[in-house]
Visitor: 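The structure is given below, and queries will be raised subsequently.
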Amino acid sequence: MGGATETFYSVIRRQGITRRSFHKFCSLTAASLGLSPLAAVSIANALETKPRVPVIWLHGLECTCCSESFIRSAHPLIKDALLSMISLDYDDTIMAAAGHQAEAILEETRAKYKGRYVLAVEGNPPLNEGGMFCIDGGKPFVEKLRSMAEESVAVIAWGTCASWGCVQAAKPNPTGAVPIDKVITNKPIIKVPGCPPIAEVMSGLVTFMTTFGKLPELDRHGRPSMFYSERIHDKCYRRSHFDAGQFVEKWDDKYARKGYCLYKMGCKGPTTYNACSAIRWNGGISFPIQSGHGCFGCSEDGFWDKGSFYDRLTAIKQFGIEANADQIGMAAAGAVGLTVAAHAAVTAAKRLTHNRDRAAHKSKPS
Amino acid sequence: MAVQTPNGFNLDRSGRRIVIDPLTRIEGHLRVEANLDSDNVIRNAVSSGTMWRGIEVILRGRDPRDAWAFTERICGVCTGTHALTSVRAVENALGIAIPENANSIRNIMQLCLLVHDHLVHFYHLHALDWVDVVSALKADPKSTSALAQSISPWPLSSPGYFKDLQIRLTKFFGSGQLGPFKNGYWGHPAYKLPPEANLMAVAHYLEALDFQKEIVKIQAIYGGKNPHPNWLVGGVPCAINIDGTGAVGAINMERLNIVSSIVDRSIEFVEQVYLPDIAAICSFYKDWLHGGGLSSKSVMSYGDIPENANDCSAKSLKLPRGVILGGNLKEILPIDHGDPEQIQEFVAHSWYKYPSDCCGLHPWDGITEPSFELGPKLKGSKTDIKELDEGGKYSWIKAPRWRGHAVEVGPLARYIMGYAQNKTEFKEPAERLLKGLNLPLTALFSTLGRTAARALECQWAAHQMRYFQDKLVVHIKGAIRQLPMSAGGSRKPGARRPRAMGSLRRRAVRLGTGSRSRTPRSTIINVLCRRRGTDLLAIPRAILALLKPP
Amino acid sequence: MFVRGLPNRARKLLAAVDAAPTERCIGGGIACAPVRLWHWVNAAAILILSLTGYLIGTATPAMSGEATDNFLFGYIRFAHLSAGYVLSIGFLLRIYWALKGNAHAMQIFWVPLWRSCFWREVYQEIRSYAFLTVEPERRVGRNRLAQLAMFFMFTQTITFMVVTGFALYGQGAGTDSWQYKLFSWVFSIWPNSQDVHTWHHLGLWVIVTFALVHIYAVIREDTCRPGASDL
Ligand code: HEM
Ligand code: HEM
Ligand code: NFV
Ligand code: SF4
Ligand code: SF4
Ligand code: F3S
Ligand SMILES: [Mg+2]
């Protein structure tokens, strides 16, 4: 990744100088240099626009929600990200071009920005049916994914789809959908899970890379530590109720109205690494728990297949039947308990008869 | 040469074929192959849904309480819609009635989506087909300001405002890195707006981009986040607590105020920016009266936004319900989704297996068994398709029909329905807009009409949000602390009912985005739910119906 | 290969353990004082862990009143974590004692599955429990069936519980904690820690089942098999 793209313009913006006064400054400079107003535009241009990092955003099997989330970013505003921070040269949800004009951008980027563009992937590739559960340009999406990854500098896996597989990879995964790290193995991959991820986490990651000119520190699962090193539960504002043992017992009961902890409603906050309880959603206005619904772990691997979102104890599928640890455990302990009791009864009976036998034996005349 | 479709359309592949894949600015993956005649006019086209994720298959056997989260992930653009349909289907199947306040909140959330989605659809997806962003560099900011002020009281309209923007755009385009605008048809004569209108539209593109993230805060308040807010079988997950201990963690005055203020701002934005823009832009594209597709012939609307909880009668539904066939606006045919004769899906041209390809199946009896095979006239190979054979199977999308007819759905269909039913809240705004543009009623049956209907529905939805928000507050006033928001306990619905069927209508929020190829299409989605014993089959269907140009 | 890596003394002990049943008589028995002490501390810790663990899993009925007035769940978790430490440290000491103590001290860690004589004794034990032999064999050291159960249901399970327990502990303590650093490899096996909770929870029932059988066997042994060792 190239150096930080901090320009004079962004520096003075940071120092609180408005766009308007910046341009006044430029015109003044231009005037004192004896340049025309048009030249002022090009001065401003040179100051503001150093090359922006090209970003290619591909869509596999997905729901486009990660894109939708991205455009919700409040800081930076997404228009500023698009106009001044990155160059989103390909994203089939918002790009003007279509068909072969769109395809041409991919070819051009691969050649012109070899080793310098970021590949952002939303969704994932299906591998069954020769990859044709997701066709892109008449060919399996996975081919496009592989070829665009090849020349990229780094890959961002947007959302739970690209990071973990998500809903289409839930059992029985009819399309053979796999997370992208199963097909891209030779590039750094930054996983930004969440279904979708928080807007400001997405834009925060992108601007981190453009501002500091490096990849973020990743945790053991390849997620940026800055946003994924704590659980929802660790920063949840209902945590005091958890510690107190104050739980919502039923939807809309008196405890729900008091905002008690949603643990017993199946909240997966204790096992979910995401920034929702700290950064919150939509400019910090709420997050699932604040609006009364437990976290269902949407940034976690395979969260679709752990049993109901509303159950505290989750299903164990390894035993064929779908039961939770208590159901399995109580059944096992119960069965063993009964066996023990039966065994004790037989032992006692045996002992009685044995003693009687022995007594009888003794009394028998020899 | 010609292929006859089950609806009696002819697909004629004589002439030149243009393939557009990927078709952009839509949700999902789509390929269009259009057949042009010697005058470069599209005579017919095939659209192929190029993605299948198998959510119908994945949902089988799951806990019905969870189904909404799966179906919600069908689409992040009309986020929440499929989820709402799913919870309704489950409630219908299990006989669960929801409280009145939950109904209001669900309506507000769904209306919020309508407002958001229409706005984003117009400015960020569709507008690039009408607005030449590069031409905006040539505009005179003063004249742009005059234009803007002549059509709307919207305050962001000074010459300086437009000039700043223009400078920014100049820099942006001057950088040579065009981002999402790369490789557009900029400068093409089909773009008809003068530079000033283009500059104004670009300004509003950016303003709408800023504002859309505000609208969805309503969903975040009630559903915890957007996209993909949370729903709940039996009601809504948020609790109301206006005046008691712990109210700060529930829907309280502060939360209601946020919603209220966003509703006001939405109405303002739609009325002072979106609608004036539509009128202004349409006035330059008044000859754009093609692309009507089925709209003048067959339209259908399931209806939605129930006034009263659990009442899905046509009377309770605020969005109109019915079917119009053969362009006969005088006769509104009733719909019954549960009737296997009415709603059917066909797979003759879709990559699925049915017992027999000729017959349609009601979604309750629907089978989703993928089977990827291509027709004999395919050009290319199975994993490198150059041209599809429309005589064979060519899409991952099933073809839904109403009594065997292809019907258009979406905002235009709903407006036509409202118009035909003489509902003033649909009829008047449509007439007003047409009158302003000096166009006849028939102008509605076009791409222009479809674009306009979306804007009108956006306005309608913004006002309905206000209505339901007020209604909620009135209810709260009536019964301050005891406000049921959910009928469901925490328990899993019992398996007592031997066989329950649930179905609920939904509207497709949007209609074809029409890229430069202007291939019209529409969207229809059914989410139906079947439950046998303890086995749940929630069957969400995202179906892009192929519409034929006349 | 494992045996070769062990210190000399340990190897000697192992040899003794293996030999024990055939030699029939080794001084000291299994109930030496450190093991006794450990046994009861261990049993108490497990009792607390099982009760509090179960409560953590199902959660207590909601308390009312302001959050600051209560810390019930916090105390339950505190008890669980404290008992977890006691159990873990005890277990470590027990491992030390396995190497240090008498031959029997090694038995719960070392099951000579590859020896036919071991299986022969297991078979005899099964016959005895199935009432197929009237007189139980008299033996010194642990009965082979018990040894098998101890190894798989106790030693293995406790190891698993300690490892998964500390991995979960690490989540709460934070990714910078030593618990996380030492045990987060568990999350490479189960990237979604919900699974770790689930399996840790299932471990509870393995332990409970073990305790049931164990206590029964001990009592039965005591009443039916004169001369059996006691703790
Ligand atoms: C016999 C040994 C143990 C038993 C039977 C036991 C049992 C349990 C159970 C049933 C749970 C609830 C799991 C769930 O449903 O989420 C639990 C949670 C937990 N256990 Fe253990 N456990 C044992 C040992 C340990 C040890 C040695 C530690 C380490 C300190 C430990 C730490 C934890 C932690 C951190 C949790 C999660 C608490 C929370 O989520 O608030 N456990 N344990
Ligand atoms: C009423 C309670 C208990 C009694 C009377 C009891 C008694 C005994 C006796 C007599 C022995 C030695 C016999 C033999 O080695 O077969 C023993 C060993 C053992 N018991 Fe218990 N026990 C009790 C509870 C528990 C519990 C709750 C656990 C843990 C779940 C436990 C774990 C063990 C273990 C691991 C050994 C092997 C000790 C060694 O390392 O040599 N016991 N117990
Ligand atoms: N087109 C479309 Fe839709 C709608 N409504 C849906 O499936 O975007 Ni999400
Ligand atoms: S991760 Fe979730 S939100 Fe993002 S595309 Fe996938 S399904 Fe949609
Ligand atoms: S609501 Fe969920 S995340 Fe918050 S404290 Fe309770 S269990 Fe933890
Ligand atoms: S469900 Fe997802 S949005 Fe956040 S609170 Fe949980 S990770
Ligand atoms: Mg998409």
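Residue numbers begin at 1 in each chain, while the letters A, B, ... track the order of the sequences. It should be emphasised that the depicted structure is a prediction, and the values quoted were computed from it without experimental measurement.
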Visitor: At their closest point, which heavy atom of Phe309(A) faces which heavy atom of Ala69(B), and how far apart are they?
Guide: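 Smallest interatomic distance, heavy atoms only, reads CE1-CB, 3.5 Å.
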
Visitor: Any side-chain heavy atom of Ile135(A) within less than 4.5 Å of one from Trp396(B)?
Guide: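 Yes. Closest side-chain heavy atoms under 4.5 Å.
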
Visitor: Any Lys/Arg nitrogen of Asp311(A) or Arg65(B) sitting under 4.0 Å from an Asp/Glu carboxylate oxygen of the other?
Guide: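 The answer is yes: the pair qualifies as a salt bridge.
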
Visitor: Could you measure the distance from the CG atom of Asp136(A) to the NE2 atom of His29(B)? Nearest 0.5 Å is fine.
Guide: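 The NE2 atom of His29(B) is 6.5 Å from CG of Asp136(A), to the nearest 0.5 Å.
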
Visitor: Give a yes-or-no answer on whether the side chains of Arg73(B) and Gln168(A) include a donor-acceptor pair shorter than 3.5 Å.
Guide: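 No, no side-chain donor-acceptor contact under 3.5 Å.
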
Visitor: List in chain and number order the residues that pass side-chain contact (heavy atoms from CB on, under 4.5 Å) with Glu373(B), two or more places apart in sequence or in another chain; answer none if no residue qualifies.
Guide: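 Listed in chain order: Ser371(B), Lys393(B).
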
Visitor: Does any part of the side chain of Glu108(A), heavy atoms only, come nearer than 4.5 Å to the side chain of Lys182(B), both counted from C-beta?
Guide: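 Sidechains of Glu108(A) and Lys182(B): in contact.
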
Visitor: Between Arg257(A) and Thr245(B), is there a side-chain donor-acceptor contact under 3.5 Å, judged purely by atom types and distance?
Guide: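 The criterion, which ignores hydrogens and geometry beyond distance, is not satisfied for Arg257(A) and Thr245(B).
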
Visitor: For salt bridge (charged side-chain N to carboxylate O under 4.0 Å, His left out), just list the numbers for Lys139(A) and Asp21(B), CA-CA rounded to whole Å, side-chain angles, deciding distance to a tenth of an Å, and then say yes or no.
Guide: CA-CA 10 Å; Lys139(A) 295 181 191 159; Asp21(B) 182 2; over 6 Å; no

Visitor: Counting C-beta onward and ignoring hydrogens, is there a side-chain heavy-atom pair between Arg72(A) and Glu214(B) closer than 4.5 Å?
Guide: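 No, too far: nothing below the 4.5 Å cut-off.
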
Visitor: Side chain, backbone, both or neither: which part of Ala199(A) has an atom under 4.5 Å from a heavy atom of chain B?
Guide: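 Neither part; nothing is under 4.5 Å.
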
Visitor: Is it the backbone or the side chain of Trp304(A) that comes under 4.5 Å from a heavy atom of chain B, or both, or neither?
Guide: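 For Trp304(A), backbone and side chain are both near chain B.
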
Visitor: Output the distance between atom CG (Asp92(A)) and atom CD (Glu27(B)), rounded to the nearest 0.5 Å.
Guide: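 Taking CG in Asp92(A) and CD in Glu27(B), the distance rounds to 9.5 Å.
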
Visitor: Using non-hydrogen atoms only, which part of Ala170(A) is less than 4.5 Å away from chain B: side chain, backbone, both, or neither?
Guide: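 Both backbone and side chain.
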
Visitor: Which atoms of Pro126(A) are under 4.5 Å from chain B, going by heavy atoms: the side chain, the backbone, both sets, or neither?
Guide: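 For Pro126(A), no heavy atom lies under 4.5 Å from chain B.
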
Visitor: For residues Ile285(A) and Lys217(B), report the shortest heavy-atom separation together with the two atoms involved.
Guide: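 Ile285(A) and Lys217(B) have their closest heavy atoms at CD1-CD, 3.6 Å.
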
Visitor: What option among Cys66(A), Gly266(A), Gly294(A), Ser69(A) has the most heavy-atom pairs under 4.5 Å with chain B?
Guide: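 Answer, by heavy-atom pair count under 4.5 Å with chain B: Ser69(A).
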
Visitor: Which atoms of Cys276(A) are under 4.5 Å from chain B, going by heavy atoms: the side chain, the backbone, both sets, or neither?
Guide: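 For Cys276(A), neither part sits under 4.5 Å from chain B.
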
Visitor: Name the member of Cys134(A), Gly259(A), Ala102(A) that forms the most heavy-atom pairs with chain B at distances under 4.5 Å.
Guide: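 Maximum pair count with chain B is reached by Cys134(A).
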
Visitor: Any idea how Phe133(A) and Trp52(B) line up, ring-wise: parallel (<30°), tilted (30 to 60°), or perpendicular (>60°)?
Guide: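 If you compare the ring of Phe133(A) with that of Trp52(B), the planes turn out tilted.
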
Visitor: Under a 4.5 Å cut-off applied to non-hydrogen side-chain atoms, are Glu207(B) and Lys79(A) in contact?
Guide: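 They are not in contact (no side-chain heavy atoms under 4.5 Å apart), so the answer is no.
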
Visitor: Ring centres of Phe296(A) and Trp231(B) under 6.0 Å apart?
Guide: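 No, they do not, as the ring centres are separated by 6.0 Å or more.
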
Visitor: Ser67(A) versus chain B, heavy atoms under 4.5 Å apart: side chain, backbone, both or neither?
Guide: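 Looking at Ser67(A), nothing touches chain B.
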
Visitor: With only heavy atoms counted, which part of Asp253(A) is less than 4.5 Å from chain B, the side chain, the backbone, both or neither?
Guide: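 Contact with chain B involves no heavy atom of Asp253(A) at all.
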
Visitor: Calculate, to the nearest 0.5 Å, the distance between atoms CG and CG belonging to Asp252(A) and Asn101(B) respectively.
Guide: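 Atom-to-atom, Asp252(A):CG and Asn101(B):CG are 9.0 Å apart.
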
Visitor: Begin from the C-alpha positions of Lys306(A) and Asp66(B) and carry the test salt bridge (charged side-chain N to carboxylate O under 4.0 Å, His left out) through to its verdict.
Guide: CA-CA 11 Å; Lys306(A) 308 284 176 216; Asp66(B) 298 345; over 6 Å; no

Visitor: Side chain from CB out, backbone as N, CA, C, O: work out which of these in Leu77(A) comes under 4.5 Å of a heavy atom of chain B, or both, or neither.
Guide: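 Side chain of Leu77(A) only, per the 4.5 Å heavy-atom cut-off to chain B.
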
Visitor: Do Arg53(B) and Cys63(A) have side-chain heavy atoms sitting under 4.5 Å apart?
Guide: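 Yes, at least one pair of side-chain atoms sits under 4.5 Å.
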
Visitor: Counting only heavy atoms closer than 4.5 Å, note whether Tyr113(A) contacts chain B via side chain, backbone, both or neither.
Guide: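 Side chain of Tyr113(A) only, per the 4.5 Å heavy-atom cut-off to chain B.
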
Visitor: Taking ring-ring contact (aromatic ring centres under 6.0 Å, His included) as the definition, give me every residue that meets it alongside Trp281(A), ordered by chain and number, with sequence neighbours left out.
Guide: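 None.
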
Visitor: Flag the pair Pro180(B) / Asp91(A) as yes when at least one side-chain heavy-atom distance between them is below 4.5 Å, and no otherwise.
Guide: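 Of all side-chain heavy-atom pairs linking Asp91(A) with Pro180(B), none is under 4.5 Å.
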
Visitor: Let me know if Arg238(A) has heavy atoms under 4.5 Å from chain B in its side chain, its backbone, both or neither.
Guide: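 The side chain, not the backbone.
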
Visitor: Quick one: pull up OG in Ser286(A) and CG in Asn226(B) and give me the separation to the nearest 0.5 Å.
Guide: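 It is 11.5 Å, given to the nearest 0.5 Å.
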
